[in-house]
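In the text below, chain A, chain B and the rest are named by the order of the sequence lines, each starting its count at 1. Just so we're clear, the structure is a prediction, and the values are computed from it rather than from any experiment.
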Protein chains: 2
Amino acid sequence: MTIAEVSKKFGLSQDTLRYYERIGLVPSISRSKSGNRDYSEEDCRWIEFIKCMRNAGLPIEALIEYVTLFQKGDETIAARKELLTEQRKLLVEKMDEMKKTLERLDYKIESYE
Amino acid sequence: MTIAEVSKKFGLSQDTLRYYERIGLVPSISRSKSGNRDYSEEDCRWIEFIKCMRNAGLPIEALIEYVTLFQKGDETIAARKELLTEQRKLLVEKMDEMKKTLERLDYKIESYE
DNA sequence: TTACCACTTGGAGTTAACTCTAAGTCAAAC
DNA sequence: GTTTGACTTAGAGTTAACTCCAAGTGGTAA
């Protein structure tokens, strides 16, 4: 798949896709004979995963670390699990904050009736 | 209340409190005779409100608009309600994304057992 | 064979939200 | 009466996460 196709498929700009690769957030993509990126199925799965995690606000830095660990193989499974568990904890905390704020907004909106 | 007290009370840095005032996110704070900020009870309520909204990720720009409308008096009530309703919608959307990601994280963490 | 278009790279620019610095003022303590 | 420490201001610097730009290349179409 070309960068244009991947960009369209996942709704990420070509610049963002190149940026993610440059910083190591996505494993490096192989090139066609003319030097253009050629995304594999697995590359696409990574991109979809990263997009989902970023949408929920997980920081790029943590995701880079996850990808890096992944590439080091099975001996990093414990570390990967720990990383995800920590991010999960932060996510739940954030959601709790948001829930409180949502209730407050609801109350405020109602009082504007 | 001095800026030091407000900073401690709400866990916002003095720089952040000054910044919020400068950009109009908090109504301007009156000064003591020596020129220092003297926060009233109402100022504190604003700061607590802003902090709560910011913790949930509401953008500063939207909050400035809300404060500005508030200061214009009762004729802006409809606009204020609309603004809050829009932000509420965005908040719910974000929470939905996060919920999906949380489920995915849970699944992934479980599969690492 | 020249024009076009999608791609490449390295690097600079942008945005949101702070955070820090420098130079100065004021009141209280020593 | 000078030093200390909390404050003031304007403005510069930082960080995360993109986004844009310029200069160049490779394949296709007129």
*With A/K81, which residues qualify under side-chain contact (heavy atoms from CB on, under 4.5 Å), at least two apart?*
A/T85, B/I109, B/Y112, B/E113
_Counterpart residues, side-chain contact (heavy atoms from CB on, under 4.5 Å), relative to A/A4 (two or more places apart)_ = A/T2, A/Q14
*Compute the bend angle of the helix from C/dT1-D/dA30 to C/dC30-D/dG1 from the end axes (five pairs per end), rounded to 10°.*
30°
*Does anything in residues 38-48 of chain B pair up under salt bridge (Lys or Arg N to Asp or Glu O under 4.0 Å), and if so which pairs, sequence neighbours excluded?*
A/R104-B/E48
*asked:* Filter on ring pair (Phe, Tyr, Trp, His ring centres under 6.0 Å), then keep only pairs touching residues 73-110 of chain B, sequence neighbours left out; what's left?
replied: none
*Under the ring-ring contact (aromatic ring centres under 6.0 Å, His included) rule, collect the residues that match up with A/Y20, sequence neighbours excluded.*
none
*Ring centroid separation for B/F49 and B/Y66, is it under 6.0 angstrom?*
yes
*For DNA chain D, the residues among residues 82-94 of chain B that have a non-hydrogen atom under 4.0 Å from it*: none
*Could you check whether A/I3 gets within reach of a base, just the sugar-phosphate, or nothing at all, counting any heavy atom under 4.0 Å?*
sugar-phosphate
Distances under 3.5 Å only, N/O to N/O: pair up the protein atoms with those of nucleotides 28-30 of chain C.
none

*Under a criterion of less than 4.0 angstrom to any heavy atom of chain A, what are the 5'-terminal and 3'-terminal contacting nucleotides of DNA chain D?*
D/dA17 to D/dG27
*Expected output: side-chain B/K108 to main-chain A/L84 donor-acceptor under 3.5 Å*: no
*Hey, which of these two, A/L25 or A/G35, hits DNA chain D nearer its 5' end, going by closest nucleotide?*
A/L25
*If you measure from the Lys or Arg side-chain nitrogens to the Asp or Glu carboxylate oxygens, is any gap between B/E21 and B/R31 under 4.0 Å?*
yes
*asked:* Heavy atoms within less than 4.0 Å of DNA chain D: which residues of residues 38-71 of chain A have one? Give them sorted by number.
replied: A/R54, A/P59, A/I60
*Polar side-chain atom of A/R18 near backbone of A/R22 as donor-acceptor pair, under 3.5 Å*: no
*Choose from C/dC18, C/dT8, C/dC7 the nucleotide whose nearest atom is closest to any side-chain atom of A/R31.*
C/dT8
*asked:* Which residues pass the ring-ring contact (aromatic ring centres under 6.0 Å, His included) test with A/Y39, not counting sequence neighbours?
replied: none
Taking N or O atoms only and anything under 3.5 Å, show me the protein contacts with nucleotides 19-25 of chain C, one pair per line.
from   : atom 1 : to    : atom 2 : distance (Å)
C/dT19 : O4     : B/R22 : NH2    : 3.4
C/dC20 : N4     : B/D15 : OD1    : 3.3

*Check every strand shown and say whether B/R18 touches a base, only sugar-phosphate, or nothing at a heavy-atom separation below 4.0 Å.*
base
